[in-house]
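For reference, the structure is listed below as structure tokens.
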Number of protein chains: 2
Amino acid sequence: MENKLNQQPKPRRGRPPKSSRDGSDTRAMLIRSGVAVLTESGFATAGIDGILKNVGVPKGSFYHYFKSKEDFGHAVVDSYAKYFAAKLDKYLLDDTVPPLQRIMNFSNDAKQGIVKFEFKRGCLVGNLGQEIAILPESYRLKLQDIFIVWQIKIENCLLAAKQNSEIKADVNCIQLAEYFWIGWEGAVMRARLLESVQPLDLYIDTFVSSIIAN
Amino acid sequence: MENKLNQQPKPRRGRPPKSSRDGSDTRAMLIRSGVAVLTESGFATAGIDGILKNVGVPKGSFYHYFKSKEDFGHAVVDSYAKYFAAKLDKYLLDDTVPPLQRIMNFSNDAKQGIVKFEFKRGCLVGNLGQEIAILPESYRLKLQDIFIVWQIKIENCLLAAKQNSEIKADVNCIQLAEYFWIGWEGAVMRARLLESVQPLDLYIDTFVSSIIAN
DNA sequence: TTAATTATAGACCGATCGTCTAATTAATTG
DNA sequence: CAATTAATTAGACGATCGGTCTATAATTAA
């Protein structure tokens, strides 16, 4: 009776599975192209062909690496969430800077990104959230979870600001962190509409000055 | 030399326009269906066929009343903006109620609407704003103008609240009115994502309590 | 009636959508 | 080398899209 947990005593014939051999470059390229396209256009209107053309990969390869467009979208969102969480940590955990200033620094970085792409790209999570009614149901929980992660990072920063007496002692940091991201997505949308970072400035300034200690 | 302002001395030959003949206006039905569909799905992913099916109108009629989908979209947005402005006036100009309470009343009305449609429909202007990068350029100015109209209505209400000493004397009502709509759109988006009005409650409560006089 | 105009009806087109199957290429063993 | 197996590519496929088109029904003046 064979034990499946034992590795094969003799190597199998034929080409070995990929995992041991390749960094899977094509797949990563597709995801990067997907982030770019979906950040600009959302999920539903994004075409596979456009995503492929950006990186010169034929269509047949797409359905080798992803079993469906929906599956691909999840990989794109995961990649974006990972990238964004790292960016948040970079600024919000920077203890060489006062907590409130960290939030401003994050905002400035985001502003630069929006300008860099000429207001054509927004927040991927915001884009998909807006079209949630026509998205596969599998996206809802995922987007909710991402906002929770972001929210906790801001919450911790606000708590640090409170401990630092930068902000009023009576603010509810949990609620305020949720409020922050609610408004942030609106500000990104408006900035794209106006093709100006002014809404982002207005948003951050108003948000911060509504909580600073006097 | 004929004066264009003079009506035709003799009635024109042929079938007269429908408006003078029939109460059930096909064009209006198409627009109403368009509001429903675009409020749920946005512009790009909305199909003409789906809009027609809702009201049992054949495709041939669509391109009789509208010269293109883009043209139709403008009519839909105009209709929505008119409807929404009337709703805002209904609440924000109600001088039987203190100014800040008027804003809360508007918010409650909006909340009911979102619940009524089971979180499937959002704000048409917000939906189209999110996809502005892939929309015909003609939409950008139109959406911007609509936000300006809404903003002025809130601004006037905030000014009344200030005069009433409901809110702090040092608030910038213009900036705050813009800030209000920036965050509002984010709150609507999040409510649809969570399928809960909690984000709208959180948003309004936090906004109001950040400006009330102490 | 006939002429003129509005409105309905839906077939049709090229483009594009997501998906799938077959063929090719690459990697490994005997 | 040949055989075998997996990875990847290539493009066909049917469905659907927005948009156009021609035909015809409906309505009214002449």
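Here is how names work: the chains are called A, B, and so on, in the same order as the sequence lines, proteins then strands, and each is numbered from 1.
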_Nucleic acid footprint by protein, nucleotides 11-16 of chain D - heavy-atom cut-off 4.0 Å, B for base, S for sugar-phosphate alone_ = B-----
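- Judged by a 6.0 Å distance limit and a 45° cone about the ring axis, B:K69 is positioned over the six-membered ring of B:F43.
- Expressed to the nearest 0.5 Å, how far NZ of B:K120 lies from OG1 of B:T39 amounts to 13.5 Å.
- Note: CD1 (B:I48) to P (D:dT20) measures 11 Å, nearest angstrom.
- A:K69 places its NZ atom 11 Å from the C1' atom of C:dT16, with the value rounded to the nearest Å.
- As a whole-Å value, the separation of A:Y65 OH from C:dG18 C1' is 19 Å.
- A close approach under 4.0 Å does occur between a side-chain nitrogen or oxygen of A:H64 and OP1 or OP2 of D:dT8.
- Atom CG in A:L88 sits 11.5 Å away from atom NZ in A:K90 (nearest 0.5 Å).
- Checking each of A:Y179, A:W150, A:F207, A:Y203 against A:W184 for a side chain to side chain contact (heavy atoms under 4.5 Å, CB included) leaves exactly one that passes, namely A:Y203.
- Looking at A:L124, A:I132, A:V125 one by one, the single match for side chain to side chain contact (heavy atoms under 4.5 Å, CB included) with A:L128 turns out to be A:L124.
- Shown here are the side chain to side chain donor-acceptor pair (under 3.5 Å) partners of A:Y139, two or more places apart in sequence or in another chain: there are none.
- A close approach under 4.0 Å does not occur between any side-chain nitrogen or oxygen of B:T26 and OP1 or OP2 of C:dA7.
- D:dA30 is paired with C:dT1 under the Watson-Crick or G-U wobble criterion, all donor-acceptor distances under 3.5 Å.
- Rounded to an integer number of Å, the gap from NZ of B:K67 to P of D:dG18 is 18 Å.
- Rounded to whole Å, atom C1' of C:dT16 lies 15 Å from atom CD1 of B:I134.
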*Start with the C-alpha distance between A:Y65 and A:L30, add both sets of side-chain angles, then the distance that settles side-chain contact (heavy atoms from CB on, under 4.5 Å), and finish with yes or no.*
CA-CA 9 Å; A:Y65 291 106; A:L30 287 173; 4.1 Å; yes
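- Interface residues of residues 36-47 of chain B facing DNA chain D, ordered by number: B:A46, B:G47; criterion, heavy-atom separation under 4.0 Å.
- Contact of the A:C123 side chain with the A:Y80 side chain is registered, since non-hydrogen atoms from C-beta on lie closer than 4.5 Å.
- At whole-Å resolution of the value, CZ in B:F66 and P in C:dT8 are 12 Å apart.
- The CG-C1' distance, from B:D25 to C:dT6, rounds to 13 Å in whole Å.
- A:D71 has its CG atom 13 Å from the C1' atom of C:dG18, to the nearest Å.
- The 12-atom threshold is not exceeded at CD1 of B:I174, counting heavy atoms of other residues, nucleotides or ligands nearer than 6.0 Å.
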